[in-house]
Amino acid sequence: MRTVAVVGASLAGLSAARSLRKQGYDGRLVVIGDELHRPYDRPPLSKEFLAGTLGEADLSLETDDEDLRAEWLLGARAAGLDRAERAVRLADGREVRADGIVIATGAVARTLPGSEGLAGVHTLRTLDDARALRDELAGGGRLVVIGGGFIGAEVASTAYALGLDVTVVEAAPTPLAGPLGATMGDVVSALHMDHGVRLLCGVGVKGLSGERRVDAVLLEDGRSIPGDIVVVGVGARPCVEWLEGSGVELGNGVKCGADGRTSLAGVVAVGDCANWYDPRAGAHRRVEHWTGARERPDAAIATLLAGGAVEPGVPRPPYFWSDQYGVKIQFAGHAAAADSVTIEAGAADDRDVLAVYRRAGVPVAVLGMNQPRLFTRWRKQLAATSS
């Protein structure tokens, strides 16, 4: 290969570029990113950066002496993929022709219909999002978080520590039931109530009120929750529209094999937009976690450079962490695969717990709250069992 284009300049794209050089590729390398920023770390955006304890320079994912010998096209949005010409078309009219292509365009935060142009309404996905929200939170007031997932919970925790009056609204009966299951989702989400943050579950949002600036969140049950600032944390959708008609198979992102290969030869996908096949489950899964964006590009690049001739391995069980109200939450595996969950150490009421999820007696997931040592041990065991 003379030229490889990496489309996406966040963690997954950077990890792919690093893997190319690490695995011996010495040709032309072009990294395309729609943001103007160099690659930066996203997890701190809802925590330390939002709280003002971490600066922008601290978010950099690159070391001072790192040189990938890459051409960086930043502020350049991918608009199409021409498979006949092996070219990535950019929104500004330019084209990048490449023998190999890595799709790493990530995901974009979902918005609330009708909130466009209303001041005080935020999503949190990018550095620019975090800058704007941090400035608003500094003024204090009443915050309403729509969505009780991990991003919403972390924002609520940070805002609470900053002294804001916080309410979290979650449409599901139990927050975090999707990733953690109902039992442990209830335990983790109770952190809000432990700290005096209002948690309203099982009710949807009808809309927002306010003329130029939001002043309340309107619920479907008729209630109105006053709010000076609203954060919408209702998930993200993969950025794959630019691939429509390209021949790359899509389905909840880019459908890939267990090694990141797509339906087009010489094209692989990594990161939040990649819907990898999971041999353990016999199904595709899109993993939106930092660890996956850092680890999985190694396998995808090996596949790309070998022309698909390598045998795909079994990806490690997905892992993520969250910091809320001073509690370290760690999770690995898939809760949905479990038929039981047991507490192995600590006590749920103390929010100091190690829980193991099993299916037919075999561990398939593990959750830790302030249990880093035990969690690490169980995570290693889970990876060994799953391989």
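Numbers for residues simply follow the sequence, beginning at 1.
With 3.5 Å as the limit, one finds no donor-acceptor pair spanning the side chains of Glu62 and Ser60. Neither side chain, Ser263 nor Glu249, offers a donor N or O lying under 3.5 Å from an acceptor on the other. No side-chain N or O of Ser246 forms a donor-acceptor pair with one of Glu244 less than 3.5 Å apart. Neither side chain, Asp186 nor Thr174, offers a donor N or O lying under 3.5 Å from an acceptor on the other.
Between Gly282 and Tyr277, the shortest heavy-atom contact is CA-OH, 3.3 Å.
Ion pairing between a basic and an acidic side chain is recognised when a charged N comes within 4.0 Å of a carboxylate O; Glu35 and Arg42 show such pairing. One finds no salt bridge joining Glu85 and Arg89 here, because no Lys/Arg side-chain nitrogen approaches an Asp/Glu carboxylate oxygen to under 4.0 Å. The pair Lys206-Asp221 does not meet the salt-bridge criterion, since no charged nitrogen lies less than 4.0 angstrom from a carboxylate oxygen. Under 4.0 Å is where a charged nitrogen must lie from a carboxylate oxygen, and between Lys328 and Asp323 at least one such pair does. Electrostatic pairing of Asp194 and Arg351 counts as a salt bridge here, judged by a charged N lying under 4.0 Å from a carboxylate O. With salt bridges taken as basic N to acidic carboxylate O contacts below 4.0 Å, none links Asp215 and Arg142. Using a 4.0 Å cut-off between a side-chain N of Lys or Arg and a carboxylate O of Asp or Glu, Asp298 and Lys22 qualify as a salt bridge. Between Arg198 and Glu170 there is no salt bridge, since no side-chain nitrogen of the basic residue lies less than 4.0 Å from a carboxylate oxygen of the acidic one.
Separating the CG atom in Asp128 from the CG atom in Leu133 is a distance of 12.5 Å, to the nearest 0.5 Å.
Judged by distance alone, with hydrogens and angles left aside, the side-chain atoms of Tyr40 form a donor-acceptor pair with the main-chain N or O of Leu127 at under 3.5 Å.
Around atom NZ of Lys47, more than 12 heavy atoms belonging to other residues, nucleotides or ligands sit under 6.0 Å away. Within a 6.0 Å radius of CD in Glu116, more than 12 heavy atoms belonging to other residues, nucleotides or ligands are found.
Note on ring orientation: taking the six-membered ring where Trp is involved, the planes of His195 and Tyr160 are perpendicular (angle over 60°, cut-offs 30° and 60°).
Cation-pi geometry between Arg286 and Trp276 is not satisfied (NZ or CZ under 6.0 Å from the ring centre, within 45° of the ring normal).
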